[in-house]
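This report concerns only the one structure given below.
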Protein chains: 2
Amino acid sequence: MNTLSYGLLSLLSNASNSGYDLMLKLQPFWPAKHSQIYPLLAQLDQDGYVVHELVVQKDKPDKKVYSITEKGREALRAWLAKPADEPVHRDELTLKLYCLHEGDIADIRKLLHVRIEYSRDRMLWMHGKIEAYARQEQPPTLAVQLLMQKGLFHFQSDLAWAEWALLQLADRQPKQDN
Amino acid sequence: MNTLSYGLLSLLSNASNSGYDLMLKLQPFWPAKHSQIYPLLAQLDQDGYVVHELVVQKDKPDKKVYSITEKGREALRAWLAKPADEPVHRDELTLKLYCLHEGDIADIRKLLHVRIEYSRDRMLWMHGKIEAYARQEQPPTLAVQLLMQKGLFHFQSDLAWAEWALLQLADRQPKQDN
DNA sequence: GGAGCCATGTAATGGGTTACATGATTAG
DNA sequence: CTAATCATGTAACCCATTACATGGCTCC
């Protein structure tokens, strides 16, 4: 049982889902492709942590809807009590910054602009989710609120940093607008 | 040539370093173990992107000090001009939050406390680096300033979120101090 | 005397991406 | 008519961690 398997169980503890849905819900917080998820679900099924039901659809492909079992819930509770691994962040931009003296400063400026757009998009997505929930009568679960807020905080600060970094470049380098 | 190889070249474009030093300088921004770095350096060496010199030390093990070649610098410039991969963040805590309704809320509270300590430590480390540079006559390179500030922003916001999250838990759950 | 740092390397295993494979429906 | 969404799966490859291996020095 690896971390992603527990992540799948964790989502299933809220509601039954197809593998495809699990992928979509997981991706904003834990990048994973379908090719990784489907085999893990089959394994969880075989080991009795989940069960599945085949749902036949018209106009869409059939799907397997997975549900967590009591054995799955027990495994989750045991996992929750253990300390979490340290978060892993890998950002190629930081590596590129290390050699900004090499080559063209306009390249770095371009990279920062792209990052600003990216962070703004993600930030607005998180913000939109929070707003959408606020407008519904059904409030989101506490978990979802905490997660969306985490994403919002993160992308806000990344955006703020990237904008600040652009200014730093402008202060030190001959201005070549881009 | 993978991303980590370019990261090593990027560091070497600032100064010659041993594999061990490269590992230490890289880790705050791109986690990598020595077992991954040493073989890559050997490969870069073989392909002519770097050269190395054996430095014999008394009281310490001998080391190999690597320097970037002109071929290496060219490769770096080409890499800089290409768009950066999207950042990857994997935080097991987010997966655990998804099932905070399952099991003991005190477990979650504990996880948040650990995260607060972790983020505060990292934040203070970044802060310390910035302060230390400010006190020196030799100012840090622009790159290092940007990177330290990025880390500072990131851990500040993670810390702020974790403290806010703890308050949210207190508002909704019977208070069981921990 | 034990833990931790410095310093390098290899081997085995596990985690993750890319590519291969299929196919109907819908929106632009 | 092309791209995207829904939906599932396998195989090959690359990336990353853990474990194995060695050994002197320093600090407590």
Side-chain angles (χ1 to χ4, degrees), chain A residues 1-9 11-12 16-47 50-66 84-92 95, chain B residues 1-9 11-12 16-47 50-66 84-92 95:
Chain A
M1 289 277 290
N2 58 23
T3 305
L4 181 52
S5 300
Y6 282 112
L8 294 169
L9 280 186
L11 278 176
L12 288 173
S16 297
N17 274 294
S18 67
Y20 191 82
D21 286 338
L22 288 170
M23 177 186 68
L24 293 181
K25 291 183 182 178
L26 211 52
Q27 280 184 345
F29 299 103
W30 191 279
K33 315 278 175 181
H34 72 275
S35 55
Q36 201 183 0
I37 289 172
Y38 291 129
L40 288 178
L41 282 172
Q43 191 62 49
L44 288 171
D45 198 335
Q46 210 182 297
D47 297 346
V50 301
V51 290
H52 76 269
E53 177 193 12
L54 190 72
V55 174
V56 179
Q57 300 183 113
K58 35 177 177 131
D59 301 353
K60 282 187 191 176
D62 299 350
K63 62 182 177 182
K64 291 180 184 174
V65 173
Y66 290 89
D85 287 344
E86 289 184 358
V88 172
H89 303 297
R90 283 199 176 89
D91 187 351
E92 197 180 11
L95 300 182
Chain B
M1 290 276 289
N2 58 23
T3 305
L4 180 52
S5 300
Y6 282 111
L8 294 168
L9 280 186
L11 278 176
L12 289 173
S16 298
N17 275 293
S18 67
Y20 191 82
D21 286 338
L22 288 170
M23 179 186 65
L24 293 181
K25 291 185 182 178
L26 211 51
Q27 279 183 347
F29 300 103
W30 191 278
K33 316 277 173 184
H34 73 273
S35 55
Q36 201 184 359
I37 289 173
Y38 290 129
L40 287 179
L41 282 171
Q43 191 61 50
L44 288 171
D45 198 334
Q46 208 184 299
D47 297 346
V50 301
V51 290
H52 77 270
E53 177 192 13
L54 190 71
V55 174
V56 179
Q57 299 184 112
K58 35 175 180 142
D59 302 353
K60 284 186 189 177
D62 299 349
K63 62 182 177 182
K64 290 181 182 172
V65 173
Y66 290 88
D85 287 343
E86 289 183 0
V88 172
H89 303 296
R90 281 197 177 89
D91 186 351
E92 197 181 11
L95 301 182

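Throughout, protein chains are lettered first and strands after them, A, B, ... in sequence-line order, and every chain is numbered starting at 1.
Of the possible donor and acceptor atoms, one in the side chain of B:Q27 sits under 3.5 Å from a partner among the backbone N and O of B:A32. Between the B:E92 side chain and the A:D85 main chain, a donor and an acceptor come within less than 3.5 Å of each other. Under a 3.5 Å cut-off, the side chain of B:R90 and the backbone N or O of A:P31 do form a donor-acceptor pair.
Here C:dT8 presents its P atom at 14 Å from CG of B:L40, a figure rounded to the nearest Å. Nucleotide D:dT8 holds its P atom 10 Å from the NE2 atom of A:H52, rounded to whole Å. In this structure, NZ of B:K33 is placed 19 Å from P of C:dT10, rounded to the nearest angstrom. Remark: P of D:dT8 and CG of A:D62 are 9 Å apart, rounded to the nearest angstrom. Rounded to whole Å, the distance from NZ on A:K63 to P on C:dT25 is 17 Å. Rounded to an integer number of Å, the gap from A:M23 CE to D:dT8 P is 9 Å. Rounded to whole angstrom, the span from the CZ atom of A:R90 across to the C1' atom of C:dG16 amounts to 11 Å. Between B:K60 atom NZ and C:dA7 atom P there is a gap of 5 Å when expressed in whole angstrom units.
Using a 4.0 Å heavy-atom distance criterion, B:S35 is classed as a base contact.
Nearest to the side chain of B:P61, among C:dT10, D:dA7, D:dG23, sits D:dG23. Relative to the side chain of A:Y38, the nucleotides D:dT8, D:dC6, C:dG9 differ in distance, and D:dT8 lies closest. For B:D59, whose side chain is taken as the heavy atoms from C-beta onward, the closest listed nucleotide among D:dT26, D:dT10, C:dG9 is D:dT26.
For the pair A:W30 and B:K64, both in contact range of DNA chain C, the more 5′-proximal nearest nucleotide belongs to B:K64.
With values rounded to the nearest 0.5 angstrom, B:K64 atom NZ is found 4.5 Å from B:H52 atom NE2. One finds the CG atom of A:L26 at 12.0 Å from the CG atom of A:D21 (value rounded to the nearest 0.5 Å).
Close to C:dA7, at under 4.0 Å from its OP1 or OP2, lies a side-chain N or O of B:Q57. Using a 4.0 Å cut-off, no side-chain N or O of A:Q36 falls inside it from OP1 or OP2 of C:dG15.
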